[in-house]
Amino acid sequence: MVLVTLVGDSQARLGNRFYFVGPSTECKECRLRNVCFNLEPGALYEITGLRDTRHECALHESEVRVVEVEKKAFRAAVPKKSAIDGSMITFEARKCDNIGCENYQLCRPWNVKDGDKLSVTDVQEDLECQKGESLTLVKLI
């Protein structure tokens with residue numbers, strides 16, 4: 001199934017990736033809001049097709065363009081025991097306050113909240129944790 005949405009004309013490039021952060025209150029009266037907001041907040045998307053249709057948009061400085069998108073997996077650190085390819089996990093951010101750690105963003109991705117149900121799509125490598133936790137880098141969707 002092809003997923004269609006609108007993005008700013010300057011962002012409408014094949015292969016361009018973006019996180020959908022959610023609906024803007026400025027768009028609440030727009031007649032096209034259902035096309036813009038049919039994505040899942042926090043999910044990563046990649047533009048896979050460009051369509052010729054463009055529309056005026058009060059939020060963007062230029063027009064918006066109709067594009068085809070595909071939801072993509074993002075990288076995160078999970079406990080090694082949860083790193084099973086194809087499994088469903090209930091995400092829980094690591095309890096860590098070491099923002100200088102090279103894995104901090106992987107342990108606490110901004111686009112996921114505790115309790116989100118996600119699928120492990122790719123188990124990658126074990127990570128070194130400064131707190132001694134046994135963590136593995138995975139891709140989640």
Side-chain angles (χ1 to χ4, degrees), residues 1-131 133-141:
M1 175 174 111
V2 175
L3 188 56
V4 175
T5 193
L6 302 171
V7 299
D9 201 43
S10 62
Q11 291 87 27
R13 304 285 175 263
L14 286 175
N16 196 16
R17 289 183 175 197
F18 63 93
Y19 285 97
F20 179 64
V21 295
S24 172
T25 56
E26 295 176 44
C27 304
K28 126 173 102 167
E29 300 301 320
C30 178
R31 65 182 175 87
L32 300 172
R33 70 182 173 280
N34 290 337
V35 178
C36 289
F37 302 148
N38 64 346
L39 305 179
E40 181 182 323
L44 175 64
Y45 291 91
E46 181 175 326
I47 297 173
T48 57
L50 303 173
R51 298 195 179 174
D52 293 330
T53 307
R54 289 177 169 82
H55 299 279
E56 292 293 321
C57 176
L59 188 62
H60 290 269
E61 292 179 15
S62 61
E63 297 178 316
V64 288
R65 185 169 181 180
V66 178
V67 296
E68 298 169 9
V69 296
E70 180 179 297
K71 190 173 176 183
K72 300 301 278 185
F74 63 92
R75 297 170 7 127
V78 299
K80 188 174 183 119
K81 65 181 180 179
S82 299
I84 302 167
D85 199 6
S87 68
M88 289 293 291
I89 65 167
T90 301
F91 187 83
E92 186 176 326
R94 311 308 334 129
K95 307 295 185 244
C96 179
D97 58 1
N98 185 2
I99 61 172
C101 175
E102 64 184 14
N103 298 320
Y104 186 80
Q105 296 294 339
L106 296 170
C107 290
R108 302 180 62 81
W110 72 271
N111 60 315
V112 185
K113 62 184 181 301
D114 287 353
D116 282 356
K117 305 281 189 220
L118 300 162
S119 177
V120 176
T121 64
D122 185 22
V123 176
Q124 297 188 334
E125 62 197 53
D126 289 341
L127 297 172
E128 192 171 317
C129 174
Q130 295 176 0
K131 289 181 63 176
E133 290 191 47
S134 182
L135 301 175
T136 300
L137 179 64
V138 297
K139 285 192 175 181
L140 301 172
I141 194 163

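This chain uses plain numbering: 1 for the first residue, then up along the sequence. Being a predicted model, the structure only gives us computed values, none of them experimental.
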*How many angstroms lie between NZ in Lys81 and CD1 in Ile89, if you round to the nearest 0.5 Å?*
11.5 Å
_For the CG atom of Leu135 and the CD atom of Glu125, what is their distance to the nearest 0.5 Å?_
12.0 Å
*asked:* Measuring only between side-chain heavy atoms, which start at C-beta, is Ser82 closer than 4.5 Å to Val120?
replied: no
*Side chain Ser119, main chain Ile141, donor-acceptor under 3.5 Å*: no
_Derivation and outcome, side-chain contact (heavy atoms from CB on, under 4.5 Å), residues His55 and Glu63_ = CA-CA 5 Å; His55 299 279; Glu63 297 178 316; over 6 Å; no
*Using a 4.5 Å cut-off on heavy atoms from C-beta on, say whether the side chain of Leu50 contacts that of Leu14.*
yes
*NZ (Lys72) with more than 12 external heavy atoms under 6.0 Å*: yes
*For the student: nearest non-hydrogen atoms of Ile84 and Ser87, plus distance*: O-OG, 2.7 Å
*Are any side-chain N or O atoms of Lys71 and backbone N or O atoms of Leu3, one a donor and one an acceptor, separated by less than 3.5 Å?*
no
*Crowding at CG, Asp114 (>12 non-hydrogen neighbours, <6.0 Å)*: yes
*Determine whether more than 12 heavy atoms belonging to other residues, nucleotides or ligands lie under 6.0 Å from atom NZ of Lys28.*
no
*Between Asn103 and Glu128, is there a donor-acceptor pair closer than 3.5 Å when you use the side chain of the first and the backbone of the second?*
yes
_Looking at every non-hydrogen atom in both residues, tell me the closest pair between Ala76 and Phe91 and how far apart they are._
CB-CE1, 4.4 Å
*Which is it for Leu106 and Leu137 under the side-chain contact (heavy atoms from CB on, under 4.5 Å) test, yes or no, and what are the steps along the way?*
CA-CA 8 Å; Leu106 296 170; Leu137 179 64; 3.8 Å; yes
_Is the shortest side-chain heavy-atom distance between Val66 and Leu6 below 4.5 Å?_
yes
*Do you know the tightest heavy-atom contact between Glu68 and Val2?*
CG-CG1, 3.5 Å
*Between Leu127 and Ala77, what is the shortest heavy-atom contact and its length?*
CD1-CB, 3.6 Å
*So, do Val67 and Tyr45 sit near enough that their side-chain heavy atoms are less than 4.5 Å apart?*
no
*asked:* Can you give me the closest heavy-atom contact between Arg33 and Glu29, atom names plus distance?
replied: NH1-C, 4.0 Å
_Atom pair CG (Leu59) and SG (Cys30), whose distance is rounded to the nearest 0.5 Å_ = 9.5 Å
*State, yes or no, whether a side-chain contact exists between His60 and Val7 at a heavy-atom distance under 4.5 Å.*
no
*Take the angle between the ring planes of Phe37 and Phe20 and call it parallel below 30°, perpendicular above 60°, tilted in between.*
tilted
*Between SG of Cys57 and CG of Leu32, what distance do you get to the nearest 0.5 Å?*
8.5 Å
_If you apply the rule side-chain contact (heavy atoms from CB on, under 4.5 Å), what do you find for Lys131 with Asn98, and how did you get there?_
CA-CA 9 Å; Lys131 289 181 63 176; Asn98 185 2; over 6 Å; no
*Going from CZ on Phe74 to CG on Leu118, what distance comes out if it is rounded to the nearest 0.5 angstrom?*
5.0 Å
*Looking only at heavy atoms, what is the nearest atom pair of Arg108 and Ala93, with distance?*
NH1-CB, 4.0 Å
*Got a second to check how far Asp116's CG is from Thr90's OG1, nearest 0.5 Å?*
9.0 Å
*Counting only N and O atoms by type, is there a donor-acceptor contact under 3.5 Å from the side chain of Asn16 to the main-chain atoms of Gln11?*
yes
*Hey, is the main chain of Ser134 close enough, under 3.5 Å, to the side chain of Asp126 for a donor-acceptor pair?*
no
*Does Ala73 offer a backbone N or O that forms a donor-acceptor pair with the side chain of Arg75 under 3.5 Å?*
no
*Give a yes or no answer on whether the side chain of Asn38 reaches the backbone of Thr5 with a donor-acceptor pair at less than 3.5 Å.*
no
*Between the main-chain N or O of Arg65 and the side-chain N or O of Arg51, is there a donor-acceptor pair closer than 3.5 Å?*
no
